[in-house]
Amino acid sequence: MAETPFIEARGLAKHFGGVQALAGVDIDIRAGEVHGLVGANGAGKSTLIKILAGLQRPDAGRILIDGNPVEIETPQQATALRLGFVHQELHLVPQLNVLENITLGAPKPTRLGIVDWRRVAVDVKSIADRLGIAFPLDAPVTKLSTAERWLVSIARALVRKCRLMVMDEPTASLSEVESQRLFQIVRDLAADGIAVLYVSHRLDEILDLCDRVTAFRDGRRVLELEGQALTRQALVRAIVGGEAPEALIASDAPLSREIVFRADGLRRLPMVKSVSFDLHRGEVLGLAGLVGAGRSETARMIFGADRPQGGAMMLDGKPFRPRSPVDAMEAGLGLVPEERRSEGLILEKSLAFNIGLTNLKALQVSPLLPLLRMGKRASQAEALVRRLLVKTPSTAIPVGRLSGGNQQKVAIAKWLARSLKILILDEPSRGVDVGARAEIHRIIRDLAAEGLSTIVISSDAEELPGLCDRVLVMCEGVITGELVGRGVTREAILHASYAHAQVQKSA
Amino acid sequence: AEDKLLLGLVSITATEDNNHRFIEAATKEAAKLGWEVSVIDAQGNADQANAAFQNLVQRKAGAIVDMVFPVTSLGAGIKAANDAKIPVGTWGGGEGAGIAAVNGSGGPMATPIIEKLVADLGGKGSVLLLTYHTGKVCRDREEVADAILAKSPDIKVTKNEVRIPGYFQDGAQYATAWLASHPDGSEPLAVWGCWDDPALGAISALRQQARTDVKVYGENGNAQAIEAIRKGFMTATAWQDSAQEGIVMVQTLAEAVKAGDAWKPKSVEVPAVVITKDTVEDFAKQHPEALGK
Amino acid sequence: MAENIKAGNASGRTPFSLRLSVLPFLAKYGTIIGLAIMIAVFSFLAPVAFPTVSNFVNVLNQASLGIIIAGGLTVAVIVGELDLSIGFSASFLGVLVTGLMVWVGLPVPIAILAVLLVGAFIGFINGVIVTKIGVNSVIATLGTGTIIVGLNFAYSSGAPIAMGVPDAFVNIALGRLWGVPHNVLIMVAVIAILWVVVERTSIGQSIQAVGGNPVASRLSGIPVDRVKIIAFMICGACAALTGLLLASSLGSGTTSAADGYLLSAFAAVFLGSATLRDGEFHILGTVFGALIIAVGFNGLAIFGAPTFYQYVFQGAILIVAVGLSSLGRLYAAP
Amino acid sequence: MAENIKAGNASGRTPFSLRLSVLPFLAKYGTIIGLAIMIAVFSFLAPVAFPTVSNFVNVLNQASLGIIIAGGLTVAVIVGELDLSIGFSASFLGVLVTGLMVWVGLPVPIAILAVLLVGAFIGFINGVIVTKIGVNSVIATLGTGTIIVGLNFAYSSGAPIAMGVPDAFVNIALGRLWGVPHNVLIMVAVIAILWVVVERTSIGQSIQAVGGNPVASRLSGIPVDRVKIIAFMICGACAALTGLLLASSLGSGTTSAADGYLLSAFAAVFLGSATLRDGEFHILGTVFGALIIAVGFNGLAIFGAPTFYQYVFQGAILIVAVGLSSLGRLYAAP
Ligand SMILES: Nc1ncnc2c1ncn2[C@@H]1O[C@H](COP(=O)(O)OP(=O)(O)OP(=O)(O)O)[C@@H](O)[C@H]1O
Ligand SMILES: Nc1ncnc2c1ncn2[C@@H]1O[C@H](COP(=O)(O)OP(=O)(O)OP(=O)(O)O)[C@@H](O)[C@H]1O
Ligand SMILES: [Mg+2]
Ligand SMILES: [Mg+2]
């Protein structure tokens with residue numbers, strides 16, 4: 001491992017209005033190392049990365065490459081310096097196909113000025129294979145699932161031969177299989193002498209993958225660890241600035257016998273073949289499985305966002321046929337969707353606006369007069385922001401300005417102002433730091449104790465044990481396993497997901 | 001029906017009143033001659049007017065009338081008609097190579113109105129001319145106005161250019177601005193619109209400000225203007241008898257069709273009628289059609 | 001694939017580091033400063049005629065109808081759709097209202113009410129074509145606008161309806177109350193209502209939400225199609241009001257009298273999006289936008305600039321007024 | 001805040017489950033089917049004059065200029081911006097090209113080249129205002145368009161330049177080669193070039209990418225501003241070409257001859273976005289859109305429909321043609 005760092009940042013500072021996103025941080029990344037970067041939501045990780053990428057100019061500080069100071073004012077300059085990025089948010093061009101998205105902005109071979117896509121495809125194929133991209137390269141990206149889109153985004157960074165690869169939460173939307181493949185690629189990159197900066201809230205993968213780890217808190221570097229000192233406990237303490245929050249322990253308390261919701265043979269091809277299950281009052285029901293299992297589609301059907309092609313649903317013993325999310329909400333359902341930016345939030349509107357949106361009727365002066373009580377809207381938003389530990393200067397700023405994890409918390413908060421019977425959370429702790437994740441879990445359990453039934457979809461097998469009373473494992477559009485109480489463990493979930501997949505394959 | 005002669009009317013905007021009156025009268029007259037009429041609304045677009053000419057040639061029309069488009073903007077259309085030996089008449093489009101019959105040249109209509117304006121002002125004061133350069137008729141009228149006003153150096157002229165669409169608002173807004181620098185009682189004042197509509201816009205501004213010291217003049221004599229004269233808001237306008245022009249145009253073209261190659265281009269103008277408060281009631285009796293349905 | 005239109009430019013660019021405190025100020029108040037500079041310059045150039053109370057009242061009066069129609073368009077634009085039919089529909093409804101009074105003999109208030117309802121109905125049709133048939137709003141409203149021109153012609157055959165328009169109707173636009181022209185009072189009332197509806201009611205929040213992100217709105221339980229239809233209906237009703245006030249000021253219904261409002265309303269709405277808020281469409285912004293256009297027009301005409309300059313100035317005002325605030329935004333820190 | 005315009009409606013809706021195989025077909029070919037139906041109906045109504053080779057050549061000839069300007073606009077719209085200045089700029093450049101020949105005495109090819117460059121330059125200015133000053137393209141191009149109208153007045157004072165236009169210039173648009181009008185040949189060549197540029201070159205990819213997602217494009221190192229400016233320049237050059245071909249076919253430079261192209265180009269571009277692809281703007285779609293409009297105008301004129309019907313039909317054609325394909329898309333399976 002080389003001793004002179006490939007890239008160093010010295011005293012970087014950046015503020016947005018009154019928010020000090022970075023308050024003079026130092027970091028150095030060596031060639032051939034995987035350097036982890038951790039920190040609570042809003043700690044400044046993405047801001048550092050945006051500065052490296054030429055997307056934002058720092059207020060102070062400088063960047064050195066191979067010991068020489070460099071100016072990075074535009075993404076083109078970052079590219080010229082051979083810095084590659086997988087940003088925290090998806091950035092695909094919906095009109096273009098997979099291949100065009102992967103090679104976006106990269107120079108391409110041409111003949112007489114006309115792009116030679118066949119040669120481009122040959123070049124990209126090897127990278128696609130390494131990532132395990134199974135979908136055709138000429139598929140439109142709009143037809144891909146979230147996870148598949150992430151693979152496109154990662155492939156884009158890999159096509160350009162870079163000397164530094166920065167990955168901002170690349171695995172947030174991936175499940176075990178894809179994650180493992182990605183880790184292998186990261187290790188290969190490092191072995192080739194490339195410096196890797198790796199940001200994640202999943203501490204296990206940080207511990208697993210990284211040679212060295214830097215932790216940020218409130219825009220400052222609070223810790224740098226390597227070797228033996230690199231322990232989970234140390235990381236958690238650095239991130240939350242105190243002791244680790246207590247893990248929830250699954251209870252074996254008997255479930256309520258009262259069935260709130262029942263799905264019977266729900267079908268919407270090609271993703272969902274036949275899904276049947278019961279949901280009890282006050283239950284936290286996990287929905288696990290590999291990416292593409294059809295869980296999100298199932299949730300959308302229950303919420304009335306998509307129409308089932310077959311099967312039936314019952315709510316409180318009565319037939320339930322929501323024709324739109326409006327119907328579902330009137331019946332007491334809520335859904336925190338998978339894609340917070342495109343489905344969950346109105347980015348240019350304020351936090352108060354977003355949180356108030358699901359609750360407009362209740363904010364009216366009277367049911368007949370649609371005037372809104374703006375004061376109540378603001379105080380309600382403020383209460384929820386405090387409850388979910390959202391890091392924001394106020395509830396009046398556009399939600400798009402928050403850090404990724406804090407946006408996720410707002411997407412959840414907007415449902416907590418409503419009184420619900422059933423809340424469905426699709427990947428609720430994606431991009432959320434350990435502290436907040438524990439907080440979200442505690443809130444789910446509290447609500448369950450008050451009688452709310454919850455369905456939690458998660459591709460992170462670590463998340464469901466402890467949180468859920470019961471876990472259903474879904475695979476290729478059908479439910480293939482059920483785990484209850486103390487039987488809900490990471491190993492059991494993974495085993496159930498894979499077992500079925502293997503049966504399918506060998507069949 | 002196959003050998004019925006087809007008369008094509010290519011209108012700049014068939015939804016405008018004057019155009020409409022011409023079309024109706026021409027259609028009736030053509031029916032008397034046993035002709036069939038086809039009206040194409042080019043929606044203000046010279047290119048579409050050319051296309052319409054070509055389409056009519058395609059249909060082997062017997063005669064085509066260009067309504068209002070200046071002949072200079074119908075090169076391709078007139079060429080196609082000439083090649084097919086179809087006589088072309090222009091109503092308000094002016095004379096030009098390959099044109100068999102002309103009328104509705106609105107320019108001369110401005111003469112009596114502007115002369116009246118100068119007389120009413122007593123040869124001094126300020127006048128606001130609302131112009132529209134893009135239209136040939138309006139440009140011709142403006143030239144007439146310039147020539148006459150040049151002889152009265154004591155009349156100060158302000159010109160403002162209105163737009164289509166938007167002539168009412170423009171007329172009103174220009175009048176508002178002009179009135180601001182021409183307060184009540186300062187001097188004799190008048191507004192002239194190169195056709196009635198901008199003048200009517202100006203009238204709405206005058207009425208909103210309760211200004212009664214400003215004389216307003218229009219051209220064309222549409223129903224609204226006549227009504228404004230009756231109520232005393234407008235001083236004078238010149239009524240273009242577009243219906244009669246339509247009849248005359250059809251008759252002239254009928255002669256041209258008969259004469260064939262021997263035809264010599266001909267201009268047959270129908271004189272305009274000046275309408276003022278004094279003459280409006282008589283006029284209304286004689287031409288009830290001018291007041292609309 | 002998503003929303004149709006967005007104000008602002010903001011391609012997520014990175015500004016230079018120049019970030020004086022004047023810049024955010026410029027971003028917010030750029031267009032207003034532009035208006036102020038314009039007023040100052042005109043007052044200097046035409047000190048007698050321009051900066052008088054009566055001239056300002058008159059300008060406001062002239063601008064009123066344009067503000068009303070632009071206010072309605074703002075609602076459509078906030079919900080993320082364009083409405084190109086407003087000018088044609090205002091023209092038609094100006095003809096219709098006089099026709100209903102003169103030919104059908106309806107009393108003035110009934111005729112007005114009927115026409116406002118027809119305006120809202122045209123908006124409803126636009127909304128249905130856009131949401132239920134899924135036609136892009138540019139094409140849909142261009143289509144309905146063209147059809148309305150045809151209807152207008154079929155109704156009036158192009159001739160203005162001038163005879164027998166009741167005085168009560170004409171007085172609506174021409175009268176004054178406490179020295180303030182009715183048009184101005186009506187405009188202020190309409191703007192106040194639109195502002196409250198958009199900013200302070202649940203339907204207004206829904207309109208903003210749908211314009212911001214229709215997918216997220218739907219998943220938040222907002223009936224997206226219905227909200228869009230309502231926005232189109234508000235827009236249509238405002239067009240109807242402008243059409244009938246125009247007919248009232250002219251004392252007649254004229255086939256294409258209000259067609260010109262389409263472009264000026266668009267200019268006002270987009271100018272307004274650069275005012276006070278970051279490239280967001282909003283009612284008050286539109287009012288400012290319309291005022292900038294009206295004051296510019298008035299000032300130039302008073303100053304007596306030749307036609308050529310008027311066009312150049314008007315074009316330049318648009319670019320400079322918005323440019324000031326955009327530059328402020330671009331180069332201020334985000 | 002993001003891109004300005006998007007075709008299509010796609011509010012992420014869920015279709016009914018009716019999913020006959022005819023629907024995706026309708027979605028793709030709806031507008032083309034609309035065109036075919038229109039041709040069939042007109043052939044039936046006007047069997048002698050409409051369905052003849054010479055009439056089709058005629059229609060194509062008439063549509064050519066509209067297709068060229070709409071093709072250029074398509075490029076601007078693909079990059080995510082509107083250009084409202086094209087009609088005014090085509091009018092101005094038609095006047096300028098005749099002025100350069102008649103008044104300045106420039107030889108025909110030089111005058112043409114000069115005017116094409118001026119057209120591209122206007123596009124460049126538009127692009128700079130939009131990207132570097134950050135003015136929304138609606139306002140920016142409305143502004144430059146208005147300024148261009150003023151320049152046009154300043155240059156020609158509104159009077160057409162008709163005397164002394166060289167025959168060589170007039171023959172450009174009016175001549176034929178192997179029986180095919182020059183206009184058609186030029187149009188085919190322009191469309192072919194535009195198609196190759198947009199679909200098969202790197203700059204075309206960048207144009208599509210920037211229009212699809214400017215932020216993603218910027219992150220990927222595409223020089224977003226430069227790409228937008230280039231798109232505006234292509235659009236401006238096409239407007240110039242249309243303006244000069246129009247001057248050639250009219251035999252004169254006329255102040256506002258080409259203004260009407262703005263609306264028809266928009267109609268063509270948005271109609272085209274419903275053709276073959278899912279609400280995406282593309283060159284071939286625009287050609288179809290323009291053809292639908294031209295065939296509609298021609299058929300109605302030949303059939304001799306009364307004015308009222310002409311407007312209603314034209315409006316309805318827009319809505320039905322796009323509606324067919326949108327409905328197909330809405331109710332076909334995702
Ligand atoms: N464009 C912006 N405008 C205003 N504030 C911003 C902007 N971008 C970031 N911030 C603020 O800067 C702080 C740091 O944000 P950053 O995105 O760097 O956090 P992060 O460490 O990446 O968090 P996460 O783990 O949630 O992604 C946050 O408080 C955020 O609200
Ligand atoms: N719009 C679409 N069109 C076609 N196929 C799609 C679309 N969206 C998703 N898919 C397919 O659906 C699968 C993902 O389905 P779904 O999101 O329901 O599963 P999931 O179990 O929730 O997995 P994930 O964790 O990816 O959300 C992907 O494999 C993808 O191929
Ligand atoms: Mg982040
Ligand atoms: Mg999912």
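What you see below is based on every heavy atom in this structure, not just the backbone, and it leaves out hydrogens, waters and symmetry mates. Just so it is clear: chains get the letters A, B, ... in the order the sequence lines come, proteins before strands, and each one is counted from 1.
- With respect to chain B, the highest number of heavy-atom pairs below 4.5 Å among C:Tyr311, C:Phe297, C:Phe303 belongs to C:Phe297.
- Counting heavy-atom pairs under 4.5 Å between each of B:His182, B:Arg163, B:Lys231 and chain C puts B:Arg163 at the top.
- Both the backbone and the side chain of C:Ser249 come within less than 4.5 Å of a heavy atom in chain B.
- Put simply, of B:Gly201, B:Ala172, B:Pro183, the one with the most heavy-atom pairs under 4.5 Å next to chain C is B:Ala172.
- B:Tyr167 touches chain C through its side chain: at least one heavy atom from C-beta onward sits under 4.5 Å away, while N, CA, C and O do not.
- No side-chain heavy atom of C:Thr255 sits under 4.5 Å from any side-chain heavy atom of B:His20.
- Heavy atoms closer than 4.5 Å to chain B are found in both the backbone and the side chain of C:Tyr261.
- Looking only at side-chain heavy atoms (C-beta outward), C:Asn61 and B:Gln209 stay at 4.5 Å or farther from each other.
- Looking at B:Asp41, there are no atoms closer than 4.5 Å to chain C (heavy atoms on both sides), in backbone or side chain.
- Annotation: C:Phe56, atom CZ; neighbour count of heavy atoms from other residues, nucleotides and ligands within 6.0 Å is above 12.
- Other residues, nucleotides and ligands place more than 12 heavy atoms under 6.0 Å from the CZ atom of C:Phe308.
- Every residue meeting the side-chain contact (heavy atoms from CB on, under 4.5 Å) condition with B:Ala26, not counting sequence neighbours, appears here in chain and number order: B:Leu9, B:Phe22, B:Val250.
- Heavy-atom pairs under 4.5 Å with chain C peak, among B:Gln43, B:His133, B:Glu161, B:Arg21, at B:Glu161.
- Partner of B:Gln208 under the side-chain contact (heavy atoms from CB on, under 4.5 Å) criterion, out of C:Val57, C:Asn183, C:Asn58: C:Asn183 alone.
- The nearest pair of heavy atoms linking B:Ala177 to C:Ala301 is CB-CB, 3.3 Å.
- Contacts between B:Ala225 and chain C at a heavy-atom distance below 4.5 Å are absent for every atom of the residue.
- For the pair C:Gln310 and B:Tyr174, the minimum side-chain heavy-atom distance is below 4.5 Å.
- Looking only at atom types and distance, the side chain of B:Glu227 has no donor-acceptor partner in the side chain of C:Ser252 under 3.5 Å away.
- In this structure, B:Gln173 CD and C:Leu300 CG are separated by 11.5 Å, a value rounded to the nearest 0.5 Å.
- Of the inter-residue distances, the one linking B:Asp197 atom CG with C:Ser256 atom OG reads 7.5 Å to the nearest 0.5 angstrom.
- For B:Phe168, the part lying near chain C is the side chain, with the backbone staying farther off; criterion is any non-hydrogen pair under 4.5 Å.
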Evaluate C:Val170 against B:Arg207 for side-chain contact (heavy atoms from CB on, under 4.5 Å), listing each step before the verdict. CA-CA 10 Å; C:Val170 175; B:Arg207 293 184 67 191; 3.5 Å; yes
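- With respect to chain B, the highest number of heavy-atom pairs below 4.5 Å among C:Val102, C:Leu250, C:Asn298, C:Asp259 belongs to C:Leu250.
- Considering only residues two or more places apart in sequence or on other chains, B:Ala284 meets the side-chain contact (heavy atoms from CB on, under 4.5 Å) condition with B:Arg230, B:Leu291.
- Here C:Leu65 contributes atom CG and B:Gln169 contributes atom CD; the two are 8.0 Å apart, rounded to the nearest 0.5 Å.
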